[in-house]
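Let me begin by presenting the structure, written as structure tokens, before commenting on it.
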Amino acid sequence: MIEEESNTPALRLRPATAEDAHRLLAWRNDPLTRQASHTSDPVALSDHLAWLHRVLGRSDVELYIVELDEVPSGTVRAQRVEQGHLLSWTTAPEARGRGVARRAVTMLASMHEGPLIAEVKRENIASAKVALSAGLTLDREVDGVQYFQRPALR
């Protein structure tokens, strides 16, 4: 478990497990989440379970459930790629507007000294602000996708 040191409501990241499958699927299939995702089609339960099983078995992917005051409120992920770690995140619909993603992505970014990247659809202003607040800068935009990056810290 990774906990944020702050005077605001307690935020922590805990590793996702197979028991989180239905919660993760509900968040992924939320209409606003789908609209902000690279793939906006709903995900079927069988496809989601197969994906989660693969991710949980991989050493190059960190998948966390974000808890705000012990209530599951979103997810953050760091996946090792050739350029560093690709970050992605989702906020539970009931937790939107509370700064959960900003705090969680900043916490996840602080766990990595190497390069970080994030891909955000141009229309997703909230996620662009999250990337910027986590220390990433806008590198370029291609076909409506903004590419954010942070070089290695050392």
Side-chain angles (χ1 to χ4, degrees), residues 1-2 4 11-18 20-44 47-68 72-153:
M1 213 93 44
I2 300 132
E4 178 186 49
L11 185 126
R12 69 180 183 173
L13 308 180
R14 68 162 174 82
T17 67
D20 295 306
H22 291 283
R23 173 181 291 120
L24 290 169
L25 180 61
W27 292 343
R28 170 59 181 87
N29 279 339
D30 170 73
L32 289 178
T33 300
R34 288 189 4 243
Q35 183 180 357
S37 298
H38 291 298
T39 305
S40 59
D41 296 331
V43 176
D47 293 337
H48 175 70
L49 292 174
W51 168 83
L52 184 59
H53 179 74
R54 283 192 311 274
V55 165
L56 293 178
R58 292 176 59 169
S59 61
D60 62 337
V61 178
E62 302 164 41
L63 179 62
Y64 296 100
I65 299 296
V66 180
E67 294 184 342
L68 185 63
S73 300
T75 182
V76 291
R77 180 176 59 178
Q79 181 171 341
R80 197 170 36 247
V81 294
E82 186 176 325
Q83 307 91 333
H85 279 89
L86 174 63
L87 305 182
S88 59
W89 55 91
T90 300
T91 302
E94 60 275 10
R96 289 187 182 127
R98 299 181 63 195
V100 171
R102 179 186 51 78
R103 291 172 61 196
V105 174
T106 298
M107 186 185 303
L108 183 63
S110 73
M111 296 164 51
H112 296 275
E113 293 184 355
L116 300 176
I117 56 175
E119 300 173 358
V120 177
K121 288 172 76 173
R122 177 189 320 136
E123 305 83 27
N124 191 347
I125 295 168
S127 283
K129 288 180 179 180
V130 167
L132 292 169
S133 70
L136 285 77
T137 58
L138 180 60
D139 177 52
R140 67 191 184 286
E141 182 178 318
V142 179
D143 296 329
V145 176
Q146 296 177 326
Y147 294 84
F148 292 85
Q149 67 175 0
R150 185 199 75 190
L153 297 177

Sequence neighbours left out, cut at 3.5 Å: what donor-acceptor pairs do the side chains of residues 119-139 make with other protein atoms?
from	atom 1	to	atom 2	distance (Å)
K121	NZ	Q35	O	2.9
K121	NZ	S37	O	3.3
R122	NE	E141	OE2	2.4
R122	NH2	E141	OE2	2.7
N124	OD1	S127	N	3.1
N124	OD1	S127	OG	3.4
N124	ND2	S127	OG	3.1
S127	OG	W89	NE1	3.2
S133	OG	K129	O	3.3
S133	OG	V130	O	2.9
T137	OG1	Q149	O	3.4
D139	OD1	Q149	NE2	3.4

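- Here CD1 of I117 is found 12.0 Å from CZ of R150. Values are rounded to the nearest 0.5 Å.
- In plain terms, the two heavy atoms of A21 and L49 that are nearest each other are CB-CD2, 3.6 Å.
- At a threshold of 4.5 Å between non-hydrogen side-chain atoms, the residues Q79 and E62 do not count as touching.
- Residues forming a side chain to side chain donor-acceptor pair (under 3.5 Å) with D41 (at least two apart in sequence, or on another chain): none.
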R34/R28 under side chain to side chain contact (heavy atoms under 4.5 Å, CB included): CA gap, chis, key distance, verdict:
CA-CA 7 Å; R34 288 189 4 243; R28 170 59 181 87; 3.2 Å; yes
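- Expressed to the nearest 0.5 Å, how far CG of L86 lies from OH of Y147 amounts to 10.0 Å.
- Qualifying side chain to side chain contact (heavy atoms under 4.5 Å, CB included) partners for T90, counting only residues two or more places apart in sequence or in other chains: W27, T33, T75.
- With sequence neighbours excluded, the residues satisfying side chain to side chain contact (heavy atoms under 4.5 Å, CB included) with P115 are A152.
- Counting heavy atoms from C-beta on, the side chains of M111 and V76 never come closer than 4.5 Å.
- The shortest distance between side-chain heavy atoms of T91 and R102 does not fall below 4.5 Å.
- Counting only heavy atoms from C-beta outward, the side chains of V145 and V142 never approach each other to under 4.5 Å.
- Summarising the geometry of L68 relative to S73, their closest heavy-atom pair is CB-OG, 3.6 Å, with the distance given to 0.1 Å.
- Although no hydrogens or angles enter the test, the distance criterion places a donor-acceptor pair under 3.5 Å between the side chain of S110 and the main chain of M107.
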Apply the test side chain to side chain contact (heavy atoms under 4.5 Å, CB included) to residues I65 and L24: give CA-CA distance (whole Å), side-chain angles for both, the deciding distance (0.1 Å), then the verdict.
CA-CA 9 Å; I65 299 296; L24 290 169; 3.7 Å; yes
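- Closest non-hydrogen pair, L87 versus A78, comes out as CD2-CB, 3.8 Å.
- Here the straight-line distance linking atom CG of D47 with atom CG of L52 works out to 12.5 Å at 0.5 Å rounding.
- Scored by the side chain to side chain donor-acceptor pair (under 3.5 Å) test, H48 finds no partners at all (sequence neighbours excluded).
- For D30, the salt bridge (charged side-chain N to carboxylate O under 4.0 Å, His left out) partners are R96, not counting sequence neighbours.
- Residues L108 and H112 come closest through the heavy atom pair O-CD2, 3.2 Å.
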